[in-house]
K.L.:
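Pasting a structure here, questions to come.
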2 protein chains.
Amino acid sequence: MARTRSAGYDDQREMILAHAAELFSQRGYPATSMNQLAEACGLSKPTLYHYYRDKYALLVQIAEGHVARLAELVRGIEAEGLPAEPRLHRLIIRFVEEYADAQHAHRVLTEDVRFLEPEDRARVLVMERQVVDGFARALVELRPEFHEAQLATPVSMLLFGMINWMFTWLKPDGRLGYDRMALIVADLFFGGIHRIALTSLTPVPPPQDLQNPQEETPR
Amino acid sequence: MARTRSAGYDDQREMILAHAAELFSQRGYPATSMNQLAEACGLSKPTLYHYYRDKYALLVQIAEGHVARLAELVRGIEAEGLPAEPRLHRLIIRFVEEYADAQHAHRVLTEDVRFLEPEDRARVLVMERQVVDGFARALVELRPEFHEAQLATPVSMLLFGMINWMFTWLKPDGRLGYDRMALIVADLFFGGIHRIALTSLTPVPPPQDLQNPQEETPR
DNA sequence: CCTACCGATCGGTAGG
DNA sequence: CCTACCGATCGGTAGG
């Protein structure tokens, strides 16, 4: 609606990207028309195509840019050299903050990644994997048994489930904001991971000779 | 693909609905064409319109039917009269089972509910609320402090986050199936809810006179 | 940067 | 006349 006067090229691109992220997150990528986006930006449709080659380029930029920021966030926190528990706590807090500031891009990343072409989706998935691995590494330090049981990634994904889903239902009203909810998630998670029983998890760990360990079961 | 011979009217409707749920869950409601659906069903497009008034009727039926089954599931489990903890445990296990059997409908419910018209969406949201309330009731029995702190629903939503998100990333491979993952979720949740500190949650609970309780703060 | 369009495909329905 | 459909095409609109 508000037309920014004499904005630079990069500013215009960012403005368009922000409006695109908002519309995509609300209506979904396929259901958003370039006419709607042009109107939201206060630009003509041909002008849009001056800044972005096509509708698809917007989707790629939104998804890739957001996940790249998340991967960088993980690297930065790991570089701080904190022990596992405060590091994981900080990852949770910072991710909720980041999501709160980029809710539209985040919903696009989680819901519209399926509309990416294989090569673009592959790049995004690699970065998503780096993010999850950062959480899983901290988790393995807290519960080393998770490594052999191959539970670090699944349990990390449960954590992401709580956080990601939060942004589908929580409307911050002061009483319960994202920051407070992040603390609850952290309490729940740190309290819960020590209760996960491994007994029922290793599918059929036969009482094999532990003095003769095998790296891989040959078949 | 497989054209069912001499299927009854109701059978045909169910077959179409199942294919619609699958396509909607894969491509999203707006990006799915009636031509694609007709092809998937092995029917002509006019024949589709013999069974359903329009594309939108399919969306309503998928979402409403699924959430109605979930609400009924909650009612059935509550009718068993179990104590809170085993009841909540059973809710978790049964919901994961139900989602696993209705993954397509579930993704449509969670992602395409935004395309419902207001009156239809309102009905769906009422049933979703009944589902969440069933979980929240059990949670309040386990941690009564959650009631006053108004945390029962938010914490229940964290549980739904873990479960709902599970179906976006977990590809059951035998080693880690939905059933095993449900047990992990239950362990994590039951372990975690007792660690959620209320101290940092009640925003500014002034040390007011507890012997003179007020039902509502007048303003 | 706008008006004016295109090839195609959309959801939905005609006649028979 | 009904039902259960078919091949063909409708009026509008999508991305570009």
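In what follows, chains are A, B, ... by sequence order, proteins preceding strands, each numbered from 1.
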K.L.:
Could you spell out the base pairing of DNA chain D as a dot-bracket line? Use Watson-Crick and G-U wobble contacts where both distances are under 3.5 Å, [ ] for crossing pairs, | for partners on a different strand.
P.N.:
.....|.|.||.|.||
K.L.:
What's the OH-C1' distance between B/Y51 and D/dC5, to the nearest Å?
P.N.:
9 Å
K.L.:
D/dG16 and C/dA4: how far apart are their C1' atoms, nearest whole angstrom?
P.N.:
13 Å
K.L.:
Report yes if a side-chain nitrogen or oxygen of B/S44 is closer than 4.0 Å to either non-bridging phosphate oxygen (OP1 or OP2) of D/dC6; otherwise report no.
P.N.:
yes
K.L.:
Might you list the N or O atoms of the protein lying below 3.5 Å from N or O atoms in nucleotides 9-11 of chain C, with each pair's distance?
P.N.:
unit_1 : atom_1 : unit_2 : atom_2 : d
C/dG11 : OP1    : B/T32  : O      : 2.9
C/dG11 : OP1    : B/K55  : NZ     : 2.6
C/dG11 : OP2    : B/M34  : N      : 2.9
C/dG11 : N7     : B/K45  : NZ     : 3.2

K.L.:
So which pairs with a foot in residues 61-76 of chain A pass salt bridge (Lys or Arg N to Asp or Glu O under 4.0 Å), sequence neighbours left out?
P.N.:
A/E64-A/R123, A/R69-A/E98, A/E72-A/R75
K.L.:
I'd like to know if the side chain of B/R143 reaches the main chain of B/I196, judged simply by a donor and an acceptor atom lying under 3.5 Å from each other, with no hydrogens or angles considered.
P.N.:
yes
K.L.:
Quick check: B/Y99 with B/Y178 (ring centres under 6.0 Å apart)?
P.N.:
no
K.L.:
C1' atom, D/dC5 versus C/dG15: distance in rounded Å?
P.N.:
13 Å
K.L.:
Just how far, in rounded Å, is P of C/dC2 from CD of A/E39?
P.N.:
13 Å
K.L.:
Has B/R13 got its NZ or CZ under 6.0 Å from the middle of the six-membered ring of B/Y52, at an angle within 45 degrees of the ring axis?
P.N.:
yes
K.L.:
Without swapping roles, check the side chain of A/D173 against the backbone of A/L176 for a donor-acceptor pair under 3.5 Å.
P.N.:
yes
K.L.:
Can you see if the side chain of B/H50 gets near the phosphate of D/dA4 - specifically, an N or O under 4.0 Å from OP1 or OP2?
P.N.:
yes
K.L.:
CD of B/Q12 versus P of D/dT3: gap in Å, rounded?
P.N.:
17 Å
K.L.:
Would you check, one step at a time, whether the test side-chain contact (heavy atoms from CB on, under 4.5 Å) holds for B/L43 with B/Q12?
P.N.:
CA-CA 10 Å; B/L43 299 173; B/Q12 285 284 63; 4.1 Å; yes
K.L.:
To the nearest Å, give me how far apart OH (A/Y52) and P (D/dG16) are.
P.N.:
15 Å
K.L.:
Just one of B/T153, B/L151, B/L159 clears the side-chain contact (heavy atoms from CB on, under 4.5 Å) bar with B/V155, so which one?
P.N.:
B/L151
K.L.:
Salt bridge (charged side-chain N to carboxylate O under 4.0 Å, His left out) for B/R137 and B/D133? Distances and angles first, verdict last.
P.N.:
CA-CA 6 Å; B/R137 273 191 292 272; B/D133 284 350; 5.1 Å; no
K.L.:
Between B/Y56 and B/F115, is the ring centre distance below 6.0 Å?
P.N.:
no
